[in-house]
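Here's the structure, in structure tokens; my notes come after.
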Amino acid sequence: MTSALLLAADPLYAQGVDLTALLITILKVVVAFAFLLVATMLMVWFERKLVSDMQNRIGPNRAGPWGILQTLADGTKLFFKEHINPIRAERRVYVLAPFLSFVPAFLLFCIVPVSGNWANGGDGTVELFGRTTYLQLADPPVGILFALAMSSIAVYGVMLAGWSSGSKYPLLGSVRASAQMVSYEAAMGLSVMAVVLVTGTVSTHGMVASQAGDGLFHVLPNWAVFTTLLVPFVIFVIAGTAELNRPPFDLVEAEQELVAGFNTEYSSIRFALFFLAEFMNTVTMSGIFVTLFLGGPSGPAPIGPAWLWGCIWFFLKTSAFLFMFVWFRATLPRFRYDQLMDLGWKLLIPLSLGWLLMLAAVQLSGQQNWNPVAVGAGVILMFLIGWSLLRSANAKARAVHLGEEVNA
Amino acid sequence: MLAVDTPQYLPENIFFGIIAFIMVVSALRVVTTRNVVHAALWLILVLAGVAGNFILLGNEFVAVTQVLVYIGAIVVLFLFGVMLTRAPIGADAHLDNDQRPLALVVALPLLALMGYVLWDAWKDTKITEAGPPIVASTSVLSDSIFKTYLIPFEAASVLLLAALIGAIVLARRD
């Protein structure tokens, strides 16, 4: 009974759960899973091809046209390789870890709205076998918090893989991973809160609904990237890249220092699961970026069915981020460990916290009709005070740190 | 808890039984296992069971927060600390120390107190009407935290901040 009500945000379950609703849900699960796997496969190919273009080489070009089936060939090959269990490994945890990495990567995708009828004031629903529903697997009332929870569970895959391998380098990799992910989760959560504040909802469907349509002066779309004034978006992209352990934040698997990092001892399909999870997370995280800041699948639909345009807009927006990730990898050198921690703790967290408070003040002043000049002056004054305090604290910390190094 | 003899809540009661059993077994394993990392992993199972129970009670927000804070942050930090200092694979002979009687002195009165408070609050109340189940939405919950329970909430925050600063002061020697 309660479970039906928990899902009630989707109109599919408005009259309770019957056989049609169940079959539609199963269909959605299968389609979402297949779509995500194919997207992951193409992403691996896209990254390899694009990086080789940027490095002036050819890249995969044997399997299929433009080497597009290369991932499939690699996957098949990995499937037939031997499982190797290191003798010092903790066997049960060692076998469990790849799945802890893979399953949250898929679950994260469940809450991303991939399409829907958003054009001309549509509410994002479509008709599917005579039933009205959303084109997303689930729209839980906790919405985006579910995404944060899943990405925090994904830490365990990396962490336990490193520990259970019974080897030094993977252990170092997993210690780095856990510190990095915990550090950047705070900045990530705070920038998500900025979007929640502006859109007034935690549900991903509600976020897209509030971002659909015209925004400022009927020129810009009403996307959260504009309504939160850009800074939370930039912070979220940086924190998201760190959360994915992608370059320039890939200290977890820094080849020059740690062999292959946490997955050094893994082979065969278990390695493939880690590899897939990494790219699946990249695809899903791009989907989350789009949902939070770029209005998800919303956009104009000039001709043809609106849901098809939703798919096209979602694909284009997501691809832009996937391109950005590859571009990062091809151009940016890896962060040093202390730089990584400094960026997370001394810049991103204070800035996102300050920005959240600023947005809340602006929102409140709009509701209460406060004097805009006074509010603006107050905000600037608070930022200056905060910035100078942080600066002096950083200078002090650096002096102490240097003193320790000189004395040692 | 929900009454057993109301058929409306039968699935909830069955799942509560399963989750409660898993939680009890895991909680026992937390204290009996000979490996620190295994103890942390069993603790995750206990905390996940708590989240499951919150979902059965129709409060998804608290369940997700439970996962986010306890499983996603606190146990990760436990494991981080263990791995940074020592992370033995296999049994560790020095895991138990000789403070068992003291632990018993603390644990038993705590169990008695909590059991008494629960019994005193609910006695043998049963939910018998077949009304709609209560599902607390996120907005209702946040209203009650930031309006009715604002002072306790802020007090808990200040307490956590004090603990945080205390930890930094203890860890730094200068």
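Every heavy atom of this structure was used, including side-chain atoms; hydrogens, water molecules and symmetry mates were not. Chain naming here is simple, since letters A, B, ... match the order of the sequence lines and numbering starts at 1 in each. Please read these numbers as outputs of a predicted model, since none were measured by experiment.
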message: Please classify the contact of S151(A) with chain B as side chain, backbone, both or neither, using a heavy-atom distance under 4.5 Å.
response: neither

task: Using atom types as modelled and distance alone, determine if a side-chain donor or acceptor of S203(A) lies under 3.5 Å from a backbone N or O of G206(A).
output: yes

- prompt: Just checking heavy atoms, which of residues 152-168 of chain B are less than 4.5 Å from chain A?
  reply: none

message: As an exercise: rank L160(A), L172(A), I153(A), V155(A) by heavy-atom pairs under 4.5 Å with chain B and give me the winner.
response: L160(A)

message: Does atom OH (Y94(A)) have a neighbourhood of more than 12 heavy atoms from anything else shown, all under 6.0 Å?
response: yes

- request: With sequence neighbours excluded, tell me which residues meet side chain to side chain contact (heavy atoms under 4.5 Å, CB included) with I44(B).
  value: Y156(A), L41(B), I71(B), V75(B)

Members of residues 178-188 of chain A whose heavy atoms come closer than 4.5 Å to chain B: S178(A), A179(A), V182(A), E185(A)

- request: Please report the shortest heavy-atom distance between R270(A) and I84(A), naming the atom on each side.
  value: NH1-O, 4.4 Å

query: Between A149(A), A177(A), G189(A), G143(A), which has the largest tally of heavy atom pairs under 4.5 Å with chain B?
result: A149(A)

task: For residues V192(A) and F236(A), report the shortest heavy-atom separation together with the two atoms involved.
output: CG2-CE1, 3.3 Å

message: Testing the basics here: between R91(A) and N85(A), what is the closest heavy-atom pair and its distance to 0.1 Å?
response: NE-ND2, 3.2 Å

task: Give a yes or no on whether Y337(A) atom OH has more than 12 heavy-atom contacts from other residues, nucleotides or ligands under 6.0 Å away.
output: yes

- request: Return the minimal non-hydrogen interatomic distance between V37(B) and L79(B), and the atom names on each side.
  value: CG1-CD2, 3.8 Å

M207(A) and T201(A): CA distance, side-chain angles, deciding distance, side chain to side chain contact (heavy atoms under 4.5 Å, CB included) verdict: CA-CA 6 Å; M207(A) 280 176 180; T201(A) 175; 4.1 Å; yes

task: Any pair with a residue in residues 61-81 of chain B that passes side-chain hydrogen bond (donor to acceptor under 3.5 Å, both in side chains), sequence neighbours left out, goes on the list, sorted by first then second residue, please.
output: none

- request: Compare every heavy atom of V112(A) with every heavy atom of T291(A), then report the nearest pair and how far apart it is.
  value: OG1-CG1, 3.7 Å

